[in-house]
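Remarks on the structure that follows.
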Amino acid sequence: QRSRLRPGHRMTLARHAVVVSRLPPWHRLLSPGRHSRPQDPVVANSVYLMAATIVTSLLGYVFWTVAARLYPAAAVGEAGAGVSAMAFASLLGAMGGSMAVLSELPLRRRHREWSAAVTAPLVFTSATSAVAALGTVAVLSQTGHSAFLYRDGWWIAAFVVGVVATTASQLLENIWVAERDAAWFLGASTVFAVVKLAIVALP
């Protein structure tokens, strides 16, 4: 049967085999059967993103439920406020870098251009996120019931690292979306949520 295929068809099959080999293991769980038509990449991306939202929302609910049962209410409140402040500082520091990657990356097909389109916003938003985190720390250290936390060196270091990591993870998410590999985002989000849940349950 292979000999009857035209060269163009053989090339298409070879290219399809390469694409399939790049897919993560969990892609098979959400892929159609052997005899069904291939999924549209945009539709598949949307399905993976919705699945990631559902999974992280459910595991997030379990996370805060476990935290509320294992830790004092004051500690849970301070942690929740810290996470919100971290997200706010990341939003300020991102400077629209994630959206820029999402719009520009599909147009960059050459390796050097693609690399520059990823590296430049990653470095820039990491720097601006660190500055935004320090500015947020300076404000919160003077206001609120948790101001004492933002005067502690370990807390400040963890806060800055968390803000930069949040911005970088959002950028990585949009890279996966732009490359139509959102299945990796689903897997990474699930692993992160499970590890976070395991850590909060430790003594």
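For the single chain, residues carry numbers from 1 onward in sequence order. In this text, all values refer to a predicted model and were calculated from it rather than measured experimentally.
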(Q) Please give me the minimum heavy-atom distance between Leu186 and Ala51, naming the atom from each residue. (A)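 Heavy-atom minimum between the residues: CD1-C, 3.8 Å.
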Q. Taking all non-hydrogen atoms of both residues, which atom of Ala67 and which atom of Val76 are closest, and how far apart?
A.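 Of all heavy-atom pairs spanning Ala67 and Val76, the closest is O-CG2, 3.6 Å.
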Identify all side-chain donor-acceptor contacts of residues 162-178 below 3.5 Å with residues at least two apart in sequence or on another chain.
residue : atom : partner : partner atom : Å
Thr166  : OG1  : Gly162  : O            : 2.7
Thr167  : OG1  : Ser90   : OG           : 2.8
Thr167  : OG1  : Ser129  : OG           : 2.8
Thr167  : OG1  : Val163  : O            : 3.2
Ser169  : OG   : Ala165  : O            : 3.3
Ser169  : OG   : Thr166  : O            : 2.7
Asn174  : ND2  : Ser98   : O            : 2.9

Q. Under 4.5 Å between side-chain heavy atoms, hopping through other hydrophobics if needed: is there a path connecting Phe63 to Tyr71?
A.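 Cluster IDs for Phe63 and Tyr71 match.
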**Q.** Transitive ILVMFWY side-chain link Phe124 to Leu122, under 4.5 Å
**A.**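 No, Phe124 does not connect to Leu122 through the hydrophobic network.
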Q: Return the set of residues passing side chain to side chain contact (heavy atoms under 4.5 Å, CB included) with Phe88 (not counting sequence neighbours), or none when no residue passes.
A: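 Checked Phe88 against side chain to side chain contact (heavy atoms under 4.5 Å, CB included); matches are Leu92.
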Q.
Can you list everything that forms a side chain to side chain contact (heavy atoms under 4.5 Å, CB included) with Leu58? Sequence neighbours excluded, please.
A.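 Counting only residues at least two positions away or on another chain, Leu58 forms a side chain to side chain contact (heavy atoms under 4.5 Å, CB included) with Ile54.
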Q) So how far is it from Leu202 CG to Leu197 CG, rounded to the nearest 0.5 Å? A)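 So the gap between those two atoms works out to 10.0 Å.
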(Q) If I take atom CD1 from residue Ile156 and atom OG from residue Ser141, how far apart are they, to the nearest 0.5 angstrom? (A)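 Answer rounded to 0.5 Å: 7.0 Å.
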Q) Any sub-3.5 Å donor-acceptor pair from Thr125's side-chain atoms to Ala94's backbone N or O? A)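 Side chain of Thr125 to backbone of Ala94, a donor-acceptor pair under 3.5 Å: no, none is there.
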Q) Side-chain contact, heavy-atom cut-off 4.5 Å: Leu70 with Val66? A)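 Result yes, sub-4.5 Å side-chain heavy-atom pair found.
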**Q.** Pairwise ring-ring contact (aromatic ring centres under 6.0 Å, His included) hits with a residue in residues 155-175, at least two apart
**A.**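 Listed once each, the pairs are Tyr150-Trp155, Tyr150-Phe159.
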Show me the donor-acceptor pairs within less than 3.5 Å that the side chains of residues 112-120 make with the rest of the protein, sequence neighbours left out.
residue : atom : partner : partner atom : Å
Trp114  : NE1  : Glu179  : OE2          : 2.8
Thr119  : OG1  : Ser115  : O            : 2.8

Q) Among Leu140, Leu134, Val139, whose side chain to side chain contact (heavy atoms under 4.5 Å, CB included) with Thr136 holds? A)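 Answer to the side chain to side chain contact (heavy atoms under 4.5 Å, CB included) test with Thr136 among Leu140, Leu134, Val139: Leu140.
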Q. Applying side chain to side chain donor-acceptor pair (under 3.5 Å), which residue pairs with at least one partner in residues 49-60 are found, sequence neighbours left out?
A.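 Every pair satisfying side chain to side chain donor-acceptor pair (under 3.5 Å) with a residue in residues 49-60: there are none.
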